[in-house]
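In what follows, every heavy atom counts, from backbone to side chain, and hydrogens, waters and symmetry copies are set aside. The sequence lines fix the lettering, A, B, ..., with proteins before strands; numbering per chain opens at 1. The shown structure was predicted, so the numbers you read here are calculated from the model rather than taken from an experiment.
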There are 4 protein chains.
Amino acid sequence: MTFGELFGRGAVDTSDSAWLQAMLDTEAALARAAERAGLAPAGSGAAVTAAARPEFIDNAGLRTTAAAAGNPVPGLVRALAARLPADARDVVHPGATSQDIIDTAAMLLASRATHTILADLTTAAGHAARLANEHAGTVMAGRTLLQQAVPVTFGLVAAGWLTAIDEARTDLARIRGSRLAVQYGGAAGTLAALGDAGPRVADLLAEELGLAVPVLPWHTDRLRIIQLGAALAGACAAAGKVARDITLLAQSEVAEVHEGSGGGSSAMPHKQNPVASVLILGCAKRAPGLLATLAAAAEQELQRAAGAWHAEWETLSDLLRLTGGAAAWAADLLSGLRVDQARMRANLDAARGLPMAENLATKLAPALGRLAAHDLVARASARAVSDGTTLADAVLAEAPQALDRQQIDAALRPETYLGAADEFVRRALAAHEALEAG
Amino acid sequence: MTFGELFGRGAVDTSDSAWLQAMLDTEAALARAAERAGLAPAGSGAAVTAAARPEFIDNAGLRTTAAAAGNPVPGLVRALAARLPADARDVVHPGATSQDIIDTAAMLLASRATHTILADLTTAAGHAARLANEHAGTVMAGRTLLQQAVPVTFGLVAAGWLTAIDEARTDLARIRGSRLAVQYGGAAGTLAALGDAGPRVADLLAEELGLAVPVLPWHTDRLRIIQLGAALAGACAAAGKVARDITLLAQSEVAEVHEGSGGGSSAMPHKQNPVASVLILGCAKRAPGLLATLAAAAEQELQRAAGAWHAEWETLSDLLRLTGGAAAWAADLLSGLRVDQARMRANLDAARGLPMAENLATKLAPALGRLAAHDLVARASARAVSDGTTLADAVLAEAPQALDRQQIDAALRPETYLGAADEFVRRALAAHEALEAG
Amino acid sequence: MTFGELFGRGAVDTSDSAWLQAMLDTEAALARAAERAGLAPAGSGAAVTAAARPEFIDNAGLRTTAAAAGNPVPGLVRALAARLPADARDVVHPGATSQDIIDTAAMLLASRATHTILADLTTAAGHAARLANEHAGTVMAGRTLLQQAVPVTFGLVAAGWLTAIDEARTDLARIRGSRLAVQYGGAAGTLAALGDAGPRVADLLAEELGLAVPVLPWHTDRLRIIQLGAALAGACAAAGKVARDITLLAQSEVAEVHEGSGGGSSAMPHKQNPVASVLILGCAKRAPGLLATLAAAAEQELQRAAGAWHAEWETLSDLLRLTGGAAAWAADLLSGLRVDQARMRANLDAARGLPMAENLATKLAPALGRLAAHDLVARASARAVSDGTTLADAVLAEAPQALDRQQIDAALRPETYLGAADEFVRRALAAHEALEAG
Amino acid sequence: MTFGELFGRGAVDTSDSAWLQAMLDTEAALARAAERAGLAPAGSGAAVTAAARPEFIDNAGLRTTAAAAGNPVPGLVRALAARLPADARDVVHPGATSQDIIDTAAMLLASRATHTILADLTTAAGHAARLANEHAGTVMAGRTLLQQAVPVTFGLVAAGWLTAIDEARTDLARIRGSRLAVQYGGAAGTLAALGDAGPRVADLLAEELGLAVPVLPWHTDRLRIIQLGAALAGACAAAGKVARDITLLAQSEVAEVHEGSGGGSSAMPHKQNPVASVLILGCAKRAPGLLATLAAAAEQELQRAAGAWHAEWETLSDLLRLTGGAAAWAADLLSGLRVDQARMRANLDAARGLPMAENLATKLAPALGRLAAHDLVARASARAVSDGTTLADAVLAEAPQALDRQQIDAALRPETYLGAADEFVRRALAAHEALEAG
């Protein structure tokens, strides 16, 4: 696709072919399950499985019948049956309705996509962990509301990214392991065509496909779709946070980090566009709207929804694809990120001590009292801002006798005012190791 | 696509090919505009136009370069230039940046798509007008909160659909005529590479493409995207309202209308699924989330956004395609809708006079006083509900002397209690004719 | 509020007072934590706790300072300190930044609100379980795409509601138990003002408030907000599904269920508006948009977001309130729901056997062959639809010798075609009991 | 409210009182309209108008009845009637249903709110125009994808803001003038209780309230709500764009603009938080989700929606309030914005000529040929980046004879490479003046 490689980077496949494959895999597994349950003759599962190959399906024909029926399954079942001997066609699609096939195929597609997404997020997390560890002592300006505030470390920033990615992985893995379930209920959720054998076939179908067994058919209980969507949106958010920070830190005027393979501009050779970050954001910014569509679509009527169900199909597809894109780009981005420690220090130093004002006031408090110390520093800071001087000079001018220059300089060293930054990095790394250890 | 014919019905084309064509059309028009402005040698516009054909473009190559650059335009420009003599390549992409090409192509795509959408909505409106006219006297139950309320006419229902579709058409035509504008600003919105010739080229580019000229480049002013998105969402809402009503009126237990070509179910031959309505809803329910993405993406940084712009591309594409699907299905749906007047009457009669309670109280008021009349009818209605009798019998039982049966029966005739229904139908038809007359 | 009792039913409190209380509770707990960590003199925690009462706060003053500072905390801290002796004011707000207080207060508010929501959902689930159990044998029409399909039981419908509500409870309880965490990071997430004592104070703060301890400060990692939002949207979806079904089943023409205390209409005494269902939908339909806002707001810059964080406050508040409203109305609705078994049966019977066509074909298959049986039933069904006759008569007319009337009647008894409906009800009840048992 | 002054700045009033007032105004206007139409005795309009005062309404009572009826109108009508003589109570609420009152009141509220919003946007636009004019010659770096690109002027940036605000105003004024219409249809849209007098009363009601007359009652045609919502979201987007740019330009490391009354931080006196910008973004980021809710709510069933209508009430209220907040903050922000021209120039100069690379290549082309010139500049730029030298030095080192230093310096002067920046500023100002002139 024109924009395919941009937003569909990585190995997540939600193409028409992938959907077709997932629907055929579902029909094949259902035929095998019916055979195992004794509802179909020996060999019928294998026969359907052999027939259930995308290259046997006439796509143009499928499109036409899909429009007539309102979904592609009836045409697919007919195409599949046509590949079998005339007397064996009954073994296709036993007890099932179209929704069973589409919903189960969607879960299969989601299972495959989230496998890939988790792998890319694991790579991204590994690099974030490496950065957190390497830069636990790399001092830089913390910025709140986009204004320099107090010092932090780049290791702490990376540890924050790491923890968010790991939280997103945990959530997505939980959904993948427990909430991706087969849907198999027949015409209205009773599996009536199978007599009392329905639940047994459902269990075997789940086993064949590696999906969970639900308490009961979930045809119009769409919580698992919302939950899957939210976990994907969470993964997008974690990647998007990294990308937003990197676009900001990579600004020409900040220049503290650079993408490893920034997109060059032929016309403007000085530009190193943060392409990976930009495309992560291009993916991530679409997740909320898609999630809203999925959540709104959960209002489904009685035994099959008139439209809300249909609204899920491409929406979930897109959300899987875009999360895959964000995760793949995030892995690339973090693997190649270049960190300019000197520039980090220089940007902090350019603030002339002001980010250390809070610490200086603390050091002045024993001598002056807390309130007076605060007021003094506030006056000095204002003077430093207005006069363009350093905070040290301004304090000495305001109160020459409070502390000597050496003491002031010591109080203004950012390294001394990092609080628990290092401990937080260690905690994030320990949590990451625990997650990796499983 | 697997779901393509379902949600992409109609002639709206937002495929990769359509995007590629629109981008090539933009480059060709730009070359012609530059030539007309005297910035390029005679014949260069024609040369670029001749080269700007999709079949000359290597899609695989385009995908690779797109991922490196963050958008497909640099690769496209190179591919286009490679089709020209070496000494003539400078005439490609004069003064432009990638965003100019993508944004202008998006407007071109939107112009083509909305042309189709408007045509389908016009067809739909024509059928709604016919239904409104034909059924101006067809009495049916009005239903509020899904409960029978007072009588309406099916003509009034259709007139409501008509007015909403016509309002949506008006809004979409307004956007199409005045807000789809070329974007042409160069690297940062100044068209610096063209010296002072930029605005002249922009005017000619707009003329070549049949798009509007903006006050200034709109690279990070995305109001027209929101406005286009809202007009499309409005069209989806108008179609969705029709579809929602028809799914309700077509319910087995209501059965007042039927889709002309309802999708049959092979297993359940009695079912006539309202396929067109369902698929309209499947399209329309996705519009709000896509619109939200477009609106959120309007927060664009400085001279080009890092991600928000990119989030628009596929989102706008999807919204155009889905609106096209909803409009095409709506035209089908309304052209073939079958109306069961007898059933409408029967459903109303089955309410045993209760929807006429309000009118009966009015008729009783002169004799009893308004309050006493209301209370009498309230008691009688409660009795009719609890005993399963008719309102007429219940009133006669409660107050045998107030009105005689003939008078009561007259007061309970739904035809007498339609208020301005007919006038509203006439107004809607007159407004429709005025719109058609242009 | 004008609409307050409608959408804010139940005991969830997200009013200004509740926010103020939660912020004061956070400041008080922080003072106690600091004292316990040895950072503040004995008694200071109690002193702040005593001062931290809403009635001591000047709301008008708070509003003014909030607008100047961009959030209400600085004014709140000053108001709180003003209640303490001059020499004891330092013990207020130790090491904290405004975001620490607002985020932790939001978690506290969410903890309190979800407690209430879970209680109401538990009530609702209890009634759904009762209905599932009572009506395990109540046959009714299953409806797909709003068309009668095959029989189901009302017990199965209620079991579906039950499972969805229980899933929503499980998810919300999980979030409540593990993801509502204190935020305590100081100016930029390092807790620098506390030296190395920060993490210890954070632990004690969490203990004081009954909230979780995060791996590190989560000021710009908003996954837990998305996850909380998604769990709330899930609860709304579960309630909304119940409400949507009930509005449909309560339609005048269906009339299979009725709200216990349906809102009457003074003008139209026959109307029993499904007020609870309507208001649940009025709440639930707003959840997706609010969730989208929360998900989009997760893109937060560096150490404190410029706007995205602020966008969360009222949004999360609204989502808590509306979920509370939906849950409270759902408890009311399900506790009083009246089920009309006779009407359920009558609606099914009115379909003249057609919903049993699938079963009849199965019974004919041994004699005729599957394909011929299916074709026969399809022809007969079409005849029944067109002639308005019963499926039994139509089959006898088409193929008088295939089965006798007694056999046909037996095949058309809905009770015989319920498949696993009962087993699914039992499973849902068992899962519910397991959840109740904890 | 706790957050009230933050997001509800300005004069937009959507409080409970404002809603109550609007509903009472609607009832009063309806009584006057009925009198003017000859449906009610002389003086009855004045009597209802005199009674329709908020202070006469028992709010607690209203809340209770609202929950029973599902909306506040029945209670309001009773409270209003109770203020009239017993024999005059019939003149209240003639022919109307609850939805008529709530929808018309919403339009009235919207009319009042958009009046205020337009006034604040006009103020904001005036200041943007002033800035555009004053800074038409103020050169600064243009930044694309947050990287310095080529020079622009601050006047052009401000002109872009101006045009967006003016476009938003135009759209909002159009909606306000033509799409805010009375809703008056009675129980099901026929105005049956008025016989054939309904349309006449509707016309008079519209006249009384200064609202438009719709083609027919729009109770379940919600396009005007979507259109209003989109115009509000557009206004939020225009304000949000300004705020996003200012947060970026006000960053510590960029420092090209400062808010006039930046919020100080008591702990960190050097910080000048861009409070107005942050709160604009806090408002604007919520508009897309609210708009999505409104758009989704347009799927309304038959003659009155079960839930979707109810979901609009607070959502529209919030969107009006937040747009009011964004507009009021934007007026403040732009009125006080401080522009640091020297810093703009310094930031551009710090790029060592690289933003002028494109221009330099153009100047070298006549001597070297276009391709060779481009390659030379590309090499020189890469060298300048890697060595930290200027582009001028790098070009001289690469090709000492191509141009002399004076020529190179001339080519690197940003003032010479502004293209149509000034013309675009003039166009924006002219369009603004035309809008002001009406």
Side-chain angles (χ1 to χ4, degrees), chain A residues 90 142-146 149-150 152 156 159-160 163-164 167-168 187-194 196 198-199 215-216 220-221 223 226 230 233-234 237-238 240-241 244-245 248 287-289 291-292 295-296 298-304 306 358 370 417-421 423-424 427-428 431, chain C residues 90 142-146 149-150 152 156 159-160 163-164 167-168 187-194 196 198-199 215-216 220-221 223 226 230 233-234 237-238 240-241 244-245 248 287-289 291-292 295-296 298-304 306 358 370 417-421 423-424 427-428 431:
Chain A
D90 289 358
R143 295 171 179 97
T144 58
L145 309 178
L146 296 180
V150 299
V152 298
L156 181 60
T163 298
E167 287 173 342
T190 62
L191 286 170
L194 300 187
D196 57 6
V215 172
L216 43 63
T220 47
D221 165 13
L223 260 74
I226 297 180
K241 161 66 178 165
R244 175 45 68 202
D245 282 358
L248 290 168
L291 176 59
E299 187 196 314
Q300 302 209 346
E301 300 100 340
L302 300 170
Q303 281 69 48
R304 183 155 318 127
E358 192 182 35
R370 187 179 162 113
Y417 201 61
L418 294 170
E423 179 167 342
F424 288 143
R427 279 202 204 178
Chain C
D90 289 359
R143 296 170 179 98
T144 57
L145 309 178
L146 296 180
V150 299
V152 298
L156 181 60
T163 298
E167 286 173 342
T190 61
L191 287 171
L194 299 187
D196 57 6
V215 172
L216 43 62
T220 46
D221 165 13
L223 258 74
I226 297 179
K241 160 67 177 164
R244 174 46 68 202
D245 282 357
L248 291 168
L291 176 59
E299 186 196 313
Q300 301 209 346
E301 301 100 341
L302 300 169
Q303 279 72 47
R304 183 156 316 129
E358 191 181 35
R370 186 179 166 113
Y417 201 61
L418 293 170
E423 179 166 344
F424 289 143
R427 277 202 204 178

Would you indicate whether the side-chain heavy atoms of C:L191 and A:F424 approach each other to under 4.5 Å?
yes
Selection from A:E423, A:E167, A:E301 maximising heavy-atom pairs under 4.5 Å formed with chain C:
A:E167
Measure from the side-chain N and O atoms of A:Q303 to the backbone N and O of C:R143, and report whether any donor-acceptor pair falls under 3.5 Å.
yes
Most contact-rich option vs chain C, by heavy-atom pairs under 4.5 angstrom, among A:A193, A:G198, A:G160, is A:A193
C:A149 and C:T144 have their tightest heavy-atom pair at CB-OG1, 3.7 Å
Quick check: closest heavy atoms across A:A187 and A:R304, and the distance to 0.1 Å?
O-NH2, 3.1 Å
If we define contacts as heavy-atom pairs under 4.5 Å, which of C:A306, C:A164, C:A233 has the most with chain A?
C:A164
Counting only non-hydrogen atoms closer than 4.5 Å, does C:R244 touch chain A with its backbone (N, CA, C, O), its side chain (CB onward), both, or neither?
side chain
Leading residue by heavy atom contact count with chain A [cutoff under 4.5 Å; candidates C:A230, C:G289, C:G234]
C:G234
Give, as side chain, backbone, both or neither, the part of A:L194 having an atom under 4.5 angstrom from any heavy atom of chain C.
neither
Scored by heavy-atom pairs under 4.5 Å with chain C, the best of A:L146, A:L291, A:L156, A:L223 is A:L223
Pick from C:A298, C:A420, C:A237: which one has the most heavy-atom pairs with chain A under 4.5 Å?
C:A420
Identify which part of C:A431 has an atom lying under 4.5 Å from any heavy atom of chain A, answering side chain, backbone, both or neither.
side chain
Which atoms form the tightest heavy-atom contact between A:V152 and C:A188, and what is the distance?
CG1-O, 3.5 Å
At a 4.5 Å cut-off on heavy atoms, which part of C:L248 comes close to chain A: side chain, backbone, both, or neither?
side chain
Nearest non-hydrogen partners of A:T190 and C:L418, listed with the distance
CB-O, 3.3 Å
Minimum side-chain heavy-atom gap A:T220-A:L302 below 4.5 Å
no
At a heavy-atom distance under 4.5 Å, which candidate from C:A287, C:A292, C:G240, C:P199 has the highest pair count against chain A?
C:P199
Can you tell me which of C:D196, C:I226, C:T163 forms the most heavy-atom pairs within a distance under 4.5 Å of chain A?
C:T163
Heavy atoms, side chains only, cut-off 4.5 Å: are C:K241 and A:D221 in contact?
no
At a 4.5 Å cut-off on heavy atoms, which part of C:Q300 comes close to chain A: side chain, backbone, both, or neither?
backbone
